[in-house]
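One structure below.
Numbers restart at 1 for each chain; the letters A, B, ... are given by sequence-line order, proteins then strands. As the structure is a computational prediction, the values presented were derived from the model and not from experiment.
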Protein chains: 2
Amino acid sequence: MPEPLDPDMFTGCPPVASPIRIGDKWTAKIVRSLESGPRRFTELQTVLRGITPKVLTESLRAMERDGLLTRTAYDEIPPRVVYELTDLGRSLLEPMNAGCEWARKHLSELIDARKSWHAAT
Amino acid sequence: MPEPLDPDMFTGCPPVASPIRIGDKWTAKIVRSLESGPRRFTELQTVLRGITPKVLTESLRAMERDGLLTRTAYDEIPPRVVYELTDLGRSLLEPMNAGCEWARKHLSELIDARKSWHAAT
DNA sequence: CCGAATCCGAGCGGATACTG
DNA sequence: CAGTATCCGCTCGGATTCGG
């Protein structure tokens, strides 16, 4: 099990920062959160600030259905459920990194364009 | 001005075929439509089957605001307006192609996973 | 601790009609 | 031709509550 996730790893990443999206609103962030190893439900809930259990469950179920991750439930008290990327899910990191590289290179241009457009109105 | 766009260039491209999305629902397709050169409003409306003028206008305005394309209106009767990618907009093709390559490689796995999940319920 | 169930507001995107 | 104006359904995502 890898080191704890930084609870602030997504602060300062508003939607405008990722013009390239993977699937729905949360899929990409979940993939990132699982990049360094399997994680528990609560860990994901913590790092994905503000996500409700319902939405997190929905997102995880959809990704499980698409073969992007696996769900492993241990029959213990208290219960423990662990999510882990499949090879398919991990392969998403490649196009995601391409998107991140684009953002690093060009996001400031996009922000500037938006600013100067705002100024012209 | 390049050759006419194939009206069917997006048929057979349901949302499931593009797990990687650029911005909103239409941005990526508009970028593709403008890849080979500037296009008129009606041309875009034709290839983007089913898009209403309102939504197309909104999408184009948003992309213009973000510096992804330029809008050029000629003062003629009948009116003529031409949209063209900026360098910034064209640079989006790079991460988009990365996404397409991912889809070509792995989409069948995703479809299979979805099928076998359906079978297990 | 890990969800399921229920309810709900907001906004995206669309249908339709109309205009310079 | 290239939009604008108006109306609206529907889905996304969240709040809250409850259960095993």
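- Across D:dG13, C:dG13, D:dA2, the shortest atom-to-atom separation from the side chain of A:D24 is found for D:dG13.
- Screening residues 29-48 of chain B for ring pair (Phe, Tyr, Trp, His ring centres under 6.0 Å), with sequence neighbours left out, gives no hits.
- By the salt bridge (Lys or Arg N to Asp or Glu O under 4.0 Å) test, A:D24 is found to be paired with no residue, residues two or more places apart in sequence or in another chain being considered.
- OP1 and OP2 of D:dA2 both lie 4.0 Å or more from every side-chain N or O belonging to B:R71.
- Note on B:Y74: nothing from the nucleic acid sits closer than 4.0 angstrom, heavy atoms only.
- Between the C1' atom of D:dG13 and the CD atom of A:Q45 lies a distance of 15 Å, rounded to the nearest Å.
- Taking the salt bridge (Lys or Arg N to Asp or Glu O under 4.0 Å) definition, one finds that B:R49 meets it with B:D8, sequence neighbours left out.
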I'd like a table of atom pairs between the protein and nucleotides 14-20 of chain C - only N or O on both sides, under 3.5 Å - with the distance next to each one.
residue, atom, partner, partner atom, Å
C:dG14, OP1, B:K25, NZ, 2.9
C:dG14, OP2, B:W26, NE1, 3.2
C:dG14, N7, B:K54, NZ, 3.2
C:dG14, O6, B:K54, NZ, 2.1

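- Listed by chain and residue number, A:R32 satisfy the side chain to side chain donor-acceptor pair (under 3.5 Å) test with A:N97 (two or more places apart in sequence, or in another chain).
- With contacts defined as side-chain heavy-atom distances shorter than 4.5 Å, the pair B:L44/B:L60 qualifies.
- Distance, B:L48 CG to C:dG13 P: 13 Å, rounded to whole Å.
- For D:dA2, the OP1/OP2 oxygens have a side-chain nitrogen or oxygen of B:R40 closer than 4.0 Å.
- In this structure, A:R21 places its CZ atom 11 Å from C1' of C:dC12, rounding to the nearest Å.
- Rounded to an integer number of Å, the gap from A:L56 CG to D:dG13 P is 13 Å.
- Among residue pairs with one or both ends in residues 90-116 of chain A, those qualifying as ring pair (Phe, Tyr, Trp, His ring centres under 6.0 Å) are A:W102-A:H106; sequence neighbours excluded.
- The CZ atom of B:R80 sits 16 Å away from the C1' atom of D:dG3 (whole-angstrom rounding).
- Closest to the side chain of A:R61, out of C:dG3, D:dA2, D:dT4, is C:dG3.
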